[in-house]
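Read the structure below first, then the notes.
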There are 2 protein chains.
Amino acid sequence: MLDHPILARMVRKMETRAKLDDSDREALHALRFQERVYEAGAYLVREGELREHCALILEGFAYRQKHTIDGARQIVSFHVAGDFVDLEGALLRRADHSLQMLTRCRIAEIPVATISALVEAHPRVGKALWVDTLIDASIFREWIMNVGRRPARQRLAHLYCELAKRLKLAGLGDESGYRMPITQDQLADATGLTPVHVNRSLKALEIDGLIIRQGRLVVIPDWDLLRECSDFSELYLHLDQTA
Amino acid sequence: MLDHPILARMVRKMETRAKLDDSDREALHALRFQERVYEAGAYLVREGELREHCALILEGFAYRQKHTIDGARQIVSFHVAGDFVDLEGALLRRADHSLQMLTRCRIAEIPVATISALVEAHPRVGKALWVDTLIDASIFREWIMNVGRRPARQRLAHLYCELAKRLKLAGLGDESGYRMPITQDQLADATGLTPVHVNRSLKALEIDGLIIRQGRLVVIPDWDLLRECSDFSELYLHLDQTA
DNA sequence: GGCATAAGATAACATAGATCATTTTTCTGC
DNA sequence: GCAGAAAAATGATCTATGTTATCTTATGCC
């Protein structure tokens, strides 16, 4: 049983999602994983593939995407260090979406069979992972609303708010700003807009003093203002998940 | 242990999602639930509420929705007989969306604590429920893409395709058509469009011979045609989930 | 430290879909 | 079987966002 700092952090996260006992904790700490580095742009899974591993992001950013028959892309989520991605690998046959690295990432890969066995032996761990999926689903719902019912500026502002909260959780920023290398093209594909219009809308947000962009850095001068004008409410992130 | 036909059907569904043994099956059959009828338009849960029950639809249609601060509505999913709704109730504190009846529904309500205990005692049942949530999440992802990247007609056609497949699973129709009382207003809120534009787009679909509407009945004269032109691929429904 | 390439910005113009207003049809309850 | 309400249909007009094209600025690489 390695006492790996990565595992320790992961276990801490799991503990916020379900009550664990000592044997659960031990089982988690005993997890064998393989650490791998993926370059920016590399795929972890592609739509339609069978997966053999579940993956935990140790460092870096990633995103999930789907493609329309005529080549349009929709990004359906962004992921940061500490996020399980591709948990569905453990239980669903084929990937219904692709997972691509936004930046170079360090990834911990755990064989699907290991997760499956873990969950059978440790139902509370299963619960914790289920909660993870439930929260993911909640975020997807919010994205449907974002893309379906909010005007361009609000959509973008909302995404900036979500990222602030989630990066804070990962210890990578807070409501006053953060660093995240998302391209305007990627923002467009995440919000269902056009790169050109993203550009215009971001400019408008900046002129109104809602955000300040400095290269890869986003500064949020007035969190409450941004939150209000983007209709952001953190309820859907279920940050308070203390079982 | 009641040998209720409803439970029998539910157990059959769970078995397609994870391998169960006799004790799992028994535990499921032993589930106590309360059957209630909700009128069309009634709420099962409202955004922000705490929930005490998980719910299974026995009969009727329902949908999940969220509201923008300025009153816009987004429907994020439709549900049919046999669907678990509000499974998140078992593990997440507050509802991040509302659940409203599309038609009068017969609902089986199971206390949250019961589900929670069931899952701890029967990890394979937990897995099955987790798979349920994973599939839900996959459907949400497809909806993000639908709303974000497909033009109006395709969006609607895609929704019709999804409903055909899911209603078939519930034994309520198939690829040649089905009965489902969705209003054009509701279609609009599900696709991120305007009722007026839904009306026009449906008319266009009908003129092109892709669908025929007769009151609450939808007839699909040529499934392959509709499927192709709506960019529908059933992969995301994970219908083949044989553990 | 300059060259190649990707990302960002901007402008002119086009259009899918939104809005608003009105009419027709279809349900639903008595 | 009828009255009232909800849903569907349709027309005229408007606008947020898309498209295409070009230019500028960063970024990373040898």
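In the text below, chain A, chain B and the rest are named by the order of the sequence lines, each starting its count at 1.
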Check DNA chain D against residues 180-187 of chain B and give the residues with a non-hydrogen atom under 4.0 Å, in numerical order. B/T183, B/Q184

In short, ring-ring contact (aromatic ring centres under 6.0 Å, His included) pairs touching residues 38-59 of chain B with sequence neighbours left out are none

Considering only residues two or more places apart or on different chains, which pairs with a residue in residues 151-178 of chain B satisfy ring-ring contact (aromatic ring centres under 6.0 Å, His included)? B/H158-B/F232, B/H158-B/Y236

Applying salt bridge (Lys or Arg N to Asp or Glu O under 4.0 Å), name anything that partners A/E49, two or more places apart in sequence or on another chain. none

Please enumerate all residues that pass salt bridge (Lys or Arg N to Asp or Glu O under 4.0 Å) together with B/E59, with sequence neighbours excluded. B/R106

Got a salt bridge between B/D83 and B/R166, using NZ or NE/NH1/NH2 to carboxylate O under 4.0 Å? yes

5' to 3' on DNA chain C, which nucleotides open and close the contacts with chain B (atom under 4.0 Å from a heavy atom)? C/dG17 to C/dT28

In terms of heavy-atom contacts, does CD1 of B/I69 have more than 12 from other residues, nucleotides or ligands at under 6.0 Å? no

Should the heavy atoms of other residues, nucleotides or ligands under 6.0 Å from CZ of B/R104 be counted, would the total exceed 12? no

Contact summary for A/A95 and B/L235, nearest pair of heavy atoms: O-CD2, 3.6 Å

Could you give all pairs that pass the side-chain hydrogen bond (donor to acceptor under 3.5 Å, both in side chains) test and reach residues 191-203 of chain B, with sequence neighbours left out? B/Q184-B/N199

Please tabulate, one pair per line, all N/O donor-acceptor pairs under 3.5 Å involving side-chain atoms of residues 214-223 of chain B, not counting sequence neighbours.
unit_1: B/D222; atom_1: OD1; unit_2: B/D224; atom_2: N; d: 3.2
unit_1: B/D222; atom_1: OD1; unit_2: B/L225; atom_2: N; d: 3.2

Chi angles and distances behind the side-chain contact (heavy atoms from CB on, under 4.5 Å) call for A/T103, A/E39: CA-CA 7 Å; A/T103 61; A/E39 294 304 318; over 6 Å; no

Any residue of residues 198-207 of chain A with a heavy atom less than 4.0 Å from an atom of DNA chain C: A/N199, A/R200, A/K203

Quick one: label B/R153 by what it contacts on the DNA or RNA (base, sugar-phosphate, nothing), any heavy atom closer than 4.0 Å. nothing

Please classify the nucleic acid contact of B/P195 as base, sugar-phosphate, or nothing, using heavy-atom distances under 4.0 Å. nothing

Pick out the pairs of N or O atoms, protein on one side and nucleotides 21-30 of chain D on the other, that lie under 3.5 Å.
none

Is there a side-chain contact (heavy atoms from CB on, under 4.5 Å) between A/L167 and A/M180? Walk through the geometry before answering. CA-CA 9 Å; A/L167 285 166; A/M180 199 183 169; 4.1 Å; yes

Rounded off to whole Å, could you give me the NE2-to-P distance for the B/H197 and D/dT13 pair? 19 Å

For A/Q65 and A/Q100, which I'm curious about, is there any donor-acceptor pair between the side chains at under 3.5 Å? yes

Mind jotting down which residue pairs meet the salt bridge (Lys or Arg N to Asp or Glu O under 4.0 Å) criterion with at least one end in residues 67-80 of chain B? Sequence neighbours excluded, please. B/R73-B/D189

Check the pair B/E88, A/R141 against salt bridge (Lys or Arg N to Asp or Glu O under 4.0 Å), reporting the backbone distance first and the verdict last. CA-CA 13 Å; B/E88 38 275 306; A/R141 270 175 236 128; 2.8 Å; yes

The helix from C/dG1-D/dC30 to C/dC30-D/dG1: angle between its terminal axes, five pairs each, to 10°? 70°

